[in-house]
Each structure stands twice: as structure tokens, then as C-alpha cells.
Amino acid sequence: MEYNFKEIEKKWQAYWADRQTFRVETDPSKPKYYVLDMFPYPSGAGLHVGHPLGYIASDIYSRYKRLKGFNVLHPMGYDAFGLPAEQYAIQTGQHPAITTEQNIRRYRQQMDRIGFSYDWSREVRTCDPAYYKWTQWAFLEMFGHWYNPETDKAEPIETLIEKFKAEGRWEGLSEKEQSDLLMQYRIAYQGETSVNWCPKLGTVLANDEVKEGLSVRGGFPVEQKKMKQWQLRVSAYAQRLLDDLEELEWTDSLKEMQRNWIGRSQGAEIVFKVSNGSETYDMTIFTTRADTIFGVTFMVLAPESEWVEKLTTPEQRAAVEDYLALVKKKTERERIAETRKATGVFSGSYAVNPLTGKEVPVWISEYVLSGYGTGAIMAVPAHDSRDYTFAKTFNLPIVPLIEGCDVSQESFDAKDGIMCNSGFLNGKTVKEAIPAAIDYVESHGLGHRKINFRLRDAIFSRQRYWGEPFPIYFKEGIPTPLPVDALPLELPEIDEFKPTETGEPPLGRAKGWTVDGWPLELITMPGFAGSSAYYLRYMDPHNDQALVSREADAYWRNVDLYIGGTEHATGHLIYARFWNKFLYDCGYVCEMEPFKKLINQGMIQGRSNFVYRIKNTNTFVSCGLKDQYDTTEIHVLVNLVHNDRLDIEAFRNWMPEYKTAEFILEDGEYICGWAVEKMSKSMFNVVNPDEVCDRYGADTLRMYEMFLGPLEQSKPWDTKGIDGVHRFLRKLWGLHFDRDTFCVSDEAPTPAELKALHKLIGKAQADIENFSFNTTVSAFMIAVGTLADLKCNKRAILEPLAIVLSPFAPHIAEELWSLMGHTESIAYARFPEYIEAYTREDNVEYPVSFNGKTRFKLTVSKSLSPAEVEAIVRADENTARYLAGGAIRKVIVVPGRIINIVC
RNA sequence: GCCUUGGUGGUGGAAUGGUAGACACGAGGGACUUAAAAUCCCUUGGCCCGAAACGGCCGUGCGGGUUCGAGUCCCGCCCGAGGCACCA
């Protein structure tokens, strides 16, 4: 009988939906396992075959864990607020809620066809008021807390007020002054800061939303602008975000990315006396290289530094102002492009080196950043390449401090060597000199040890419409939170989605956007607001009393396995960790980290196909012959091509201009060229999973996506090879049939059949645990190939086979399972005796040593006697190879410990 | 520049320090067919000896090293991918 995947898949998808097979509840009698996908932004283009890669992997693991008896939480939802829907709304007037709803419906249909085991009763959408109520709630909590460095956690703002009262800093302040004071401490606060402003999008962007001076969404130029913005005090959590990375089962590269982003550096703050000729100040700088202080030949201020005003002398004022104007005009992109060139201006002032007493000039340059350290540095051109370039450009002295180093061509940045020209540090290695210098500075009251982080507070504002409104209004200009019972504060209707004529955000158009006559905040929250705690909401999605109930949180705790793209490494994955830690401090959640294990699935790239048109003709030449002609390479829709062979008729019908196309073939076929590119509409290489499901079925799609290569690796979508997977499923199907009749025998299996099965179970189990799904698929192919050769149709083999296969190809597994007479879904089949049969710990590994030196390891059954082990050793291939004709004098076997061979 | 990865046939990719190339695709040959599709079988890293059989040599980016044994471990290069980029 034919393997009719279409009918089978439709049938079982309906069955799962009707019976709510994958619905879960908290169940303390069973161990929990939480598998989460990064929820998608539902874009208008729908899913392409790259999107489900991670979803398939997580689904396989979820189904596998269910078979192992876990209570698996496997939810899905939509990150539904965002720029594209809003840009579309601006262009067409279509309300973003409507396009979003349409896109979600499409996504759902596409996902349903692939047969995922999501518990859809737990679906969340970030744009749903019942959901964003809790986003707003979390914001209010952050507004109502401050970070106490003494207890190293967030505390209610009231404890800070108490502290101020005790210190006498509270009474007598006006309401506005009190608000301003507290604002400097709140976790969610409003503050003036330099932000990434994207004029084209009309909004500010977070650091992770800007790449190379361009917006990630849209690729528009971004500039730096000082603005008052809502921010989250992520920097307060820098050390904890760094420390807690240790515990996580994330890849090293991802952890490293986060470490770099957090950017901890240990050094010292040192005070320099600076004078503009009339006044003298104490100026603090930060350095990690206190040891190089004897080589300081100038100081540099960031252009935005407050010191610039104080230290610019009248003679230099004109030059400085020119320079500041120049810097201000540059876009971020221009600054990056000109990184190599040093620019700057002399302030006119001088600083005194606190150790040598020498005077050095104070310069101003954009290579010093105002947002890091103190916005001022001591420059040591001999040992810092940036200072070096600057010194060379402006002819400033360069004093080498390490014996034998040559600084005539470039600086010597390495942290090794012996110090010289450095007073009391002379003769010390750099590693000794750094702490020695800081000790000196500290003991002479010139400064102190200091740790700095690169991690900045997150800008929590977007001047847009399609996002969560802030539950904040301005009473006499004072930011005032709405009471919690007023939540959710729903997004108001407006008639146009553009900024107002006066340049206010779109919410400025909303009528009656006030509380008691006071204006509500006009900006909305950024994209990451809604995605920072969604994993918690899935635990208890319909609770209207709390983000998550204590019971649900205590049971589900945190995500055991999180699968998603690496592009969220420094955005979502930092924010969510911060958000979770904050809620942890407040006692709302019981785990300090949200995502225990994280896997980054690779991207699936497009595989584009080309045809070659001979110039000025409508004749196309096959790839192998194209060099004989002058041709133009043209992208061709990949659906018209199978295994790089062009379907000529389909091509002619593709576009009117090709109707009359002529072809020069090779071996009677038209062979297309190909290239790996990003999957995109314009390159005609987008493959829709629906098409694959139509042609091969969801089970083939699922297995093929896994078979393509290691999960974490990026790879092109290449349909070459999908036939092999499909053939495997048909072969499997065929095992159960004798011509058109279902035919499974109850005979006892032969040893050969059992061996094939058990090999598969052992391999599949080990591979699934390692997320090596591509080799698992191979193991299935081998097993089914062997069973087909043996013409095996025994129930005792085929039933466990179906169970092991069911995470990968659930539809066919369910069908066969039911044909074999079962009435319950295979998803909850419990055959631990099969699945665990070959993983029992009844083997022991002996290190084998020759004359006392360990050479290799030998695995044998635990039950063997020493004599039997010895016999195995003597016959062992490895032993023979090592001895290569030599003789064994004695074999010593210490049961369970070691085997020593004396030669 | 710094950090993190990776480099294996025609292709995607397998190999707890132990027979490199599993599995699949593609290619070639064959069987069954009037034919096609489908299915099945054989060959398939390179080179060499040979009638055949049995064989031999070289092969995991390059150069060294550790080891009885290295794709795997160590050192130094080369190349690709991703991330960060004036973070003092």
C-alpha cells in the first residue's frame, strides 16, 4: 500500500488538536521539563524553511522527553509588537493589529502543517492587553525599586527614602526635587543620555539594534543625540550577569559574547590635578594600566565631557568650538569609517602627573568616549596603540617604559616585559608593576581600585505607536505611576501612525490620552519589553492576578532547553536575564537564571539557481557551456529547478518574457548554476515549508531538516537529498505491508533483528541527548535498511521502532502505531524497557597499561571474572597491535580498576 | 586589531586518541519493464602492481611535536565564518 502522507498527516494533526494531546498541567507527581523556542515576530512574508529548523529540533526533544516520562511544557506564541507592522501601517493606513492578526494566522497554519507538539492553550501574544498588562506591571515594579549596592539586590524604593531621611537628605525637598533624586536610583528611570537616534525611523534604538552605524531594521543611518529617555538600570546587574554565566549550559562562544558585551575591566581611578591657568581642579581618570603612569605624556577628554568647558582656555576656545561642531556633525557611521584617523584639539590646559609632578597637556578627542570610565584618560602612547596614533599625529612625546621595546613604528601593547623609566617600578615585570602602582596610588591618597563595565543601561523608549504604552503620567511635570489596578493601560486608537506635526510620537494624536487631566507618557516600550518575561507567562498564561502564580513558578521553575538564533546574544538574552534577576530579587520567581541550556540553531541560507541568457537574445545556455558565450546570469525561481535541472516548460510559463525562450542543452538537459545566498524573495530562492509538505509530507520535512547537518551549523537549503529521506520513510512504511495488506507478525524476533533494533535504540538515545539529530536520522536509515534486508515484519521489532521514531516523524509513527492495534497516541507510549535497554550501566571501562603506563581503555561487561577479562585482553586487537610481535609475560587485572600488562 | 568558531571525497556530512570517509545525495554500471516512473543490486577518495585473487603506497588546510597509534592532543602558520570594534 502506498505511503499516503497527506492523509496520514491531516488525520493525526486533527487527532492531536481534538484530543488536546499536548496540553499540560502542573503535575507534581511527574518530573517537569520545559522546552522553549524563541517566539517569532510574525512577519508578512510567512515562514520559510529556515524558520522551523529550531522548532523541529525542540519538538523532537520535547517528544523524546515525553516518551521518557517527563511532564513537558512546550509552548509557542508571538512577539507581535514591532516596527515592520507599524511601517506598513504608516504606508497603507492599515492598523498594525489587523496585519499582525493576519500574519499570526498564517504562521499558525504553517506551523500546524509541520506537526508540532505545542500546547496551544498557552499561546501568548505580546500585543494582547492581557499579556502586556504584565509587561507594564514589571515596569512599574522596576520604577518602584532601586538597586542597593550593599545588599547587592533590588529593594523597594521606600528603603531608599528611609535611608535619605536618616541621612537628613529628604525633608525639606520639594516634591519635584524628591522625584528627581529618586529618579537617579530607580531601576526603571528617566535620564538624559546620549542615545542612538535614527531619524529615518523617528525613534531611538538600543545598542544591539545598531550594527555598524546602521539600524538593524531597515539599515538606516543612526546618529548620537542627547535625549531624556526611559532606561533600565541593567548596569547594576553587570557583575551578577557575568558571574552567573558560569552555571549555564550555553556554548562558549555565546558566553564569551556576553562577557565581552558586559566588558568587565579591573583597574584604578587616579586623580590628576588639572589647571587652566586660573583655576585648579582634581580630575579623575580610569586606567587598567596604572603601571604605565610614568609614561603619561598627555591627557585626553571626550568631546562631550563636562571637563571640556572647564579646561578650555580663552586662547583655545575658538579651535575647541570648531572641533566640537565638527564632531557633532558626524554620523555614527562616519565616525566608524574614520576610526584609523586621529582627530583632536588642544584645550590649553595642563595636568600634573601625580607621581612624577610633570606637566602634560590636556587634549580633546573623539577617540575617548564620554560614556565609559570618567570620560577622560591619561595617555601613554608608548603602550597603547590609540594613544600612539594620536601622539604621532599631533607630535606628542612617546616615552617607552619596558626594557628593550621598540616604539619607533608602533606601540608596545603587550602586558609583559620588565619596567624601566618608571621610578620605583623599575625592574618589576608588568604583572608585578600593575598592583604595585595601584598600591602606591592608594596609599598616597591619589586614587583607588575600580572595576568598570562596558554594559550600559538599556534605553527603554521608542517614539512609536505599536508597542506597550507606559503606565506613567506627568503630574505637574513629575513622572507618576498609574496604580496597578489601572493596568492594562491599553493602546489608544489613533487615525494615523506617523509622528505629529510638532514632532511628538504618534500617541500625541490620541484623544483623551490623559489621567485626571494630566498627560500620559507618549512614547512606548521597545521590542524587548514583551519578550523579556514571556517564558514565565507560559507557565501560567491565563492568570489575571499575577504574571505567574507561585505554584506554577515553583513547579516549572525555568527553561530547561531554549532554542533560538544567535542574533539575540547581546539583546534579548541579556535583557531577559536582567529582567528575571530583578523579579528574583523581588521574590516573584524562584530561579536566578531563566534559561539553563541554550542551543543556537544555525541559519538556513538560500541556495539560488541561475540561468544564463546569451546577451541580446532570448536563448539560454546550460551552465556547463556558458563559457562559450557572452551571457548574463539571471536568478531563476528555485521551484522551477530540481537537482539543478531546469523544468523548461515551467520556466517558459514563469514570466511572459520567457514564453519564447530557446535553450542550448547539455546531454539533453538544462543545468542551472547555483550559489549560496541569504534566503530572500528577490533572489527567488525562498522555499516555503508548505511546498515541501505538499510534495513530501511533514515527516520528510522534519527528518530532512535534521539530516541536513549539525543543528548549530549554518547551511544552505538544498533539496538534493530530500528524496533519500522520503525513500527511507516509504521503506519503513513498506516493512508493515505485504503488497496492499497490513501485515505485522507476532513471531519472536531473530537475534539479527534484535541487534538492529538495539543498535538503533542505543545510538538514537545517545545522539538525541547530544542534539546530534543528523546522525540519529542516519541511524534510522541503517536500522530500517537492515530490517528490510531481513524482511522483518515482527511486532516486537516494529513497535519499539515506531516509538523511537515518533519524535522525528510523529505522523507516520502514530499511523503505524494505530495500525498495530493501539488506541492511545504514541506520544505517551511508555516503553522505557526498550528505550533504556541498552543504556544500562552494566559495562566497566578498564584503563589498560603496559609496564605501568596507561595506553588505552577497554570496555567489558561488569559480570566477567578477572580470568575472563584476561582472556579478552590477550585476544584484544589493540593489545596485539601495541605489542606487535612482542610477548605478554603477565596480565594483572584489578577487578573494576585497571589492567596492567607486563611485557 | 581583539574574541569565538571551523577547515575531511564531486556534494551535505560521519568518526569517546584505535580500520578515515558512516549515512545520504550525485555519478557510473546492471536487473525488472514495450517504454517511462517506481523498485532492487553492484561500483564510487587518489595512485600503483596484477589475468584474477591477495595486495601496496598516498591521503582529513600547511609545518613541526607528543604517542605503539593523531582528523582528534600540543606549538607555530595559512584560509573561511560569526561577534566586538576607539571601552583606556
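All of these numbers come straight from a predicted model, not from anything done at the bench. We name chains A, B, ... by the order of the sequence lines, and we start the count at 1 in each one.
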- Message: Please report the interatomic distance OG(A:Ser347) to OH(A:Tyr323), rounded to the nearest 0.5 Å.
- Response: 12.5 Å
- Rounded to the nearest Å, what distance is computed from the CG atom of residue A:Leu254 to the P atom of nucleotide B:rA81? 21 Å
- Distance in Å, A:Lys715 NZ paired with A:Gln601 CD, rounded so as to fall on 0.5 Å steps: 8.5 Å
- Note on the structure: Nearest-nucleotide check on RNA chain B, A:Lys715 vs A:Gly375; residue mapping nearer the 5' end is A:Lys715
- Message: Need one value for A:Ile377: base, sugar-phosphate or nothing, where a base atom within 4.0 Å counts as base even if backbone is also close, heavy atoms only.
- Response: base
- Query: Under a 90° cut-off about 0 for the syn range, is B:rG30 syn or anti?
  - Reply: anti
- Task: Under 4.0 Å between any heavy atoms, over every strand shown, what does A:Asn774 touch: base, sugar-phosphate, or nothing? Just pick one.
- Result: sugar-phosphate
- Quick one: do the A:Tyr696 and A:Thr719 side chains pair a donor with an acceptor below 3.5 Å? no
Between the protein and nucleotides 36-42 of chain B, are there any N/O to N/O pairs under 3.5 Å, and if so, what are the atom names and distances?
| from | atom 1 | to | atom 2 | distance (Å) |
| --- | --- | --- | --- | --- |
| B:rA38 | O3' | A:Arg730 | NH2 | 3.3 |
| B:rU39 | OP1 | A:Arg730 | NH2 | 2.7 |

- Separation of B:rG26 atom P from A:Ile722 atom CD1, nearest Å, is 12 Å
- Message: Strictly by Watson-Crick or wobble contacts shorter than 3.5 Å, is anything paired with B:rA53, and which nucleotide is it?
- Response: none
- Using atom C1' of each nucleotide, how far apart are B:rA14 and B:rC32 to the nearest Å? 34 Å
- Message: Heavy atoms from C-beta onward define the side chain here; which of B:rC86, B:rG12, B:rA22 lies closest to that of A:Ile782?
- Response: B:rA22
- Message: Mind checking if A:Ser778 touches a base, just sugar-phosphate, or nothing, with heavy atoms under 4.0 Å?
- Response: base
- Task: Sort out the partner of B:rG69 for me: Watson-Crick or G-U wobble, both distances under 3.5 Å, none otherwise.
- Result: none
- When the P atoms of B:rU60 and B:rG45 are considered, how many whole Å apart are they? 16 Å
- Message: Measure CG/A:Asp252 against P/B:rC3 and give the value in whole Å, please.
- Response: 15 Å
- Task: Could you tell me the separation between the CZ atom of A:Arg454 and the C1' atom of B:rC2, rounded to a whole number of Å?
- Result: 10 Å
- Task: Using the P atom as the reference point in each nucleotide, state the distance between B:rU4 and B:rG76 in Å, no decimals.
- Result: 13 Å
- Task: Check whether any side-chain nitrogen or oxygen of A:Tyr372 sits under 4.0 Å from OP1 or OP2 of B:rA88, and answer yes or no.
- Result: yes
- Query: Within the structure shown, what part of the strands sits under 4.0 Å from A:Pro716 by heavy-atom distance: base, sugar-phosphate, or nothing?
  - Reply: nothing
- Item | RNA chain B: 5'-proximal contact among A:Ser370 and A:Leu708 (nearest heavy atom) | A:Leu708
- Message: Rounding to an integer number of angstrom, what distance separates B:rU8 and B:rU66 when you compare their C1' atoms?
- Response: 23 Å
- Report the relative orientation of the aromatic rings in A:Phe286 and A:Tyr372; use parallel for angles under 30°, tilted for 30 to 60°, perpendicular for over 60°. perpendicular
- Query: Rounded to the nearest Å, what distance is computed from the CG atom of residue A:Leu711 to the P atom of nucleotide B:rA14?
  - Reply: 12 Å
- Query: Between B:rA14, B:rC3, B:rA88, which one does the side chain of A:Thr775 approach most closely?
  - Reply: B:rA14
- Query: For A:Phe707, what residues pass the ring pair (Phe, Tyr, Trp, His ring centres under 6.0 Å) criterion, not counting sequence neighbours?
  - Reply: none
- Kindly say if A:Gln713 contacts the phosphate of B:rG13, meaning a side-chain N or O under 4.0 Å from OP1 or OP2. yes
- Item | A:Met781, nearest nucleotide to its side chain (from B:rC86, B:rC23, B:rG83) | B:rC23
- Whole-angstrom distance between B:rC75 and B:rA85, as gauged at atom P: 29 Å
- Gap between atom CZ of A:Phe390 and atom CH2 of A:Trp363 - 0.5 Å precision: 5.5 Å
- Query: What does B:rG26 pair with, Watson-Crick or G-U, if both distances are under 3.5 Å?
  - Reply: B:rU44
- Any donor-acceptor N/O pair, A:Asn600 side chain to A:Gly564 backbone, under 3.5 Å: yes
- Compare the minimum distances between each of B:rC84, B:rC86, B:rG13 and the side chain of A:Pro710, then state the nucleotide with the smallest one. B:rG13
- Rounded to whole Å, CE of A:Met257 lies from C1' of B:rA81 at a distance of 11 Å
- Message: How many whole angstroms separate atom CG of A:Asp767 from atom C1' of B:rU16?
- Response: 13 Å
- Message: Would you measure the distance from the P atom in B:rU44 across to the matching atom in B:rC23 and give it in whole Å?
- Response: 12 Å
- Nearest atoms (heavy-atom pairs only) where A:Val407 meets A:Ala382: CG1-O, 3.6 Å
- In terms of side-chain heavy atoms of A:Phe707, which of B:rA14, B:rA88, B:rC23 is nearest? B:rC23
- B:rU11, B:rC84, B:rA88: which one has an atom nearest the side-chain heavy atoms of A:Lys720? B:rU11
- When rounded to the nearest 0.5 angstrom, what distance separates CG in A:Leu729 from OH in A:Tyr704? 13.5 Å
- Query: Under 3.5 Å, is there a donor-acceptor pair between the side chain of A:Thr389 and the main chain of A:Ala342?
  - Reply: no
- So does A:Ser265 get a side-chain nitrogen or oxygen closer than 4.0 Å to the phosphate oxygens (OP1/OP2) of B:rA88? yes
- Task: Check whether any side-chain N or O of A:His383 sits under 3.5 Å from a backbone N or O of A:Leu401 as a donor-acceptor pair, and report yes or no.
- Result: yes
- Item | Separation between the C1' atoms of B:rG26 and B:rG69, rounded to whole Å | 35 Å
- Query: Looking for any heavy atom pair under 4.0 Å, which part of the strands does A:Ser385 touch: base, sugar-phosphate only, or nothing?
  - Reply: nothing
- Spacing of the C1' atoms in B:rG65 and B:rG50 (rounded, Å): 40 Å
- Just name whichever nucleotide pairs with B:rU33, Watson-Crick or G-U, keeping both distances under 3.5 Å, else none. none
- Message: Going by purine N1 to pyrimidine N3 plus the second Watson-Crick contact, or the G-U wobble pair, all under 3.5 Å, which nucleotide sits opposite B:rU5?
- Response: B:rG80
- Calculate the interatomic distance between A:Lys415 atom NZ and B:rC2 atom C1'; express it in whole Å. 13 Å
